[in-house]
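All remarks here apply to the structure that follows.
In this text the structure is predicted, and so the values were computed from the model without any measurement.
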Amino acid sequence: MMLEKKTTDFLDVLSSKEPTPGGGGASAAVGAFAAALGMMVTNLTVGKKKYADVEEEIAQISCQLEELRDKLVLLTDRDAEVFEPLAKAYSLPNETKEEKERKEEVMESALCDASIVPLEIMKTVFKVIELLQVLEEKGSKMAVSDVGVAVLFARAALEGASLNIYINTKLMKNRERAEKLNSEADGLTVRGRRLQEKIYARVLGKIC
C-alpha cells in the first residue's frame with residue numbers, strides 16, 4: 001500500500017518518472033490528509049468540558065472521518081491499479097481492422113475504469129468537506145485553523161481528482177457515458193468549492 005511507505009518514500013516515487021502514483025493518487029492522498037486533520041480536531045474537542053454538549057456528535061464525526069481517511073488511502077492504490085490497463089492499452093497493436101477494433105474496445109473500458117476511481121475520490125472527499133463544516137461550527141476553537149487547512153487540502157483533492165476524470169472522458173467514444181461522468185464531476189466541484197469557500201471564510205473570520 002503506497003501510504004504505508006514513509007512520506008519521504010511516497011514523495012520519491014511520486015517525483016520519479018514512474019507513471020504511478022500520479023495526480024489521481026496524489027489527490028486521494030491529500031484527501032486522506034484532510035480527513036486526518038479533521039480527526040485531530042475531533043480529538044482535541046472530545047473530553048473537554050467546554051464541548052460536553054457536542055461530544056457525542058463530534059465522536060461520531062471522528063469515526064466517520066476515520067472511515068473516509070482509510071477509504072482514501074485505499075483509493076490511492078486503486079487509482080494506480082486502474083491506470084495500469086490503460087497504459088497497456090495505448091501500446092496495443094492497431095495495424096489490422098481487427099486489431100484496431102480490439103484496441104478501441106479495450107481503450108474504452110480502461111478509460112471508463114480510470115474515470116470512475118477519481119470520481120469515487122471526489123465523492124469521498126466531498127463527504128470530508130461536509131464533516132469539516134460541522135467541525136468549524138462546533139469543534140475546538142483552538143483548532144479552527146486546522147479546519148481551515150483541512151478544507152484547503154480537501155478542495156485541492158476534489159478538484160485534482162476531477163482533472164483525472166476530464167482527461168480520460170475526453171478520449172472516450174461513448175459520449176453519453178463521458179458526459180454523465182463529466183456532469184457528476186462538475187456538480188461535485190461546484191458544490192465542494194462553494195462549501196469550501198464558506199468554511200474557509202468563517203475560519204478566517206474567527207482567527208483574523
Worksheet item: How long is the span from the CG atom in Asp53 to the NZ atom in Lys138, to the nearest 0.5 Å?
Response: 8.5 Å
Fill in: Close side-chain approach of Leu181 to Met172, heavy-atom, < 4.5 Å
yes
Worksheet item: What's the spacing between Leu188 CG and Ile165 CD1 if we round to 0.5 Å?
Response: 8.0 Å
Discussion item. If hydrophobic clusters are built from ILVMFWY residues whose side chains come within less than 4.5 Å, do Tyr51 and Val134 share one?
Written reply: yes
Fill in: Greater than 12 external heavy atoms within 6.0 Å of Leu152's CG
yes
Worksheet entry | Gap separating the NZ atom of Lys180 from the CD atom of Glu176, nearest 0.5 angstrom | 8.5 Å
Discussion item. Test of understanding: clusters of I, L, V, M, F, W, Y form through side-chain heavy atoms closer than 4.5 Å, transitively. Do Leu132 and Met142 belong to the same one?
Written reply: no
Worksheet entry | Interatomic distance, Asn168 atom CG to Glu108 atom CD [nearest 0.5 angstrom] | 10.5 Å
Worksheet entry | In one Ile/Leu/Val/Met/Phe/Trp/Tyr side-chain cluster, 4.5 Å: Val147, Val54 | yes
Practice prompt. Over all heavy atoms of both residues, which pair between Gly22 and Leu14 is shortest? Give the atoms and the distance, please.
Written response: O-CD1, 4.0 Å
Practice prompt. Decide yes or no for Lys71 and Glu120: does some side-chain heavy atom of the first lie under 4.5 Å from some side-chain heavy atom of the second?
Written response: yes
Response to the item:
The reported gap from CZ in Arg78 to OG1 in Thr76 (rounded to nearest 0.5 angstrom) is 13.0 Å
Item to complete: Evaluate salt bridge (Lys or Arg N to Asp or Glu O under 4.0 Å) for Lys88 paired with Glu84, printing each intermediate quantity in order.
Response: CA-CA 6 Å; Lys88 290 180 178 178; Glu84 186 177 350; 3.3 Å; yes
Fill in: Reported CD-to-OG distance for the pair Glu55 and Ser62, which is rounded to 0.5 angstrom
11.0 Å
Practice prompt. Kindly check if the number of other-residue, nucleotide or ligand heavy atoms within 6.0 Å of NZ (Lys206) is above 12?
Written response: yes
Worksheet item: Between Met39 and Glu66, what is the shortest heavy-atom contact and its length?
Response: SD-CA, 3.5 Å
Item to complete: For residues Ala34 and Phe153, report the shortest heavy-atom separation together with the two atoms involved.
Response: CB-CB, 3.8 Å
Practice prompt. Report yes if some heavy atom in the side chain of Arg194 is under 4.5 Å from a heavy atom in the side chain of Val190; otherwise report no.
Written response: yes
Fill in: OH/Tyr200: more than 12 non-hydrogen atoms of other groups inside 6.0 Å
no
Worksheet entry | Heavy-atom pair of closest approach, residues Val41 and Ala143 | CG2-O, 3.8 Å
Discussion item. I'd like to know whether Arg202 forms a salt bridge (Lys or Arg N to Asp or Glu O under 4.0 Å) with Glu137, so could you lay out the CA-CA distance, the side-chain angles of the two residues, the decisive distance to 0.1 Å, and finally the verdict.
Written reply: CA-CA 9 Å; Arg202 287 176 62 86; Glu137 295 171 356; 5.1 Å; no
Fill in: Atom NZ of Lys127: over 12 foreign heavy atoms under 6.0 Å
no
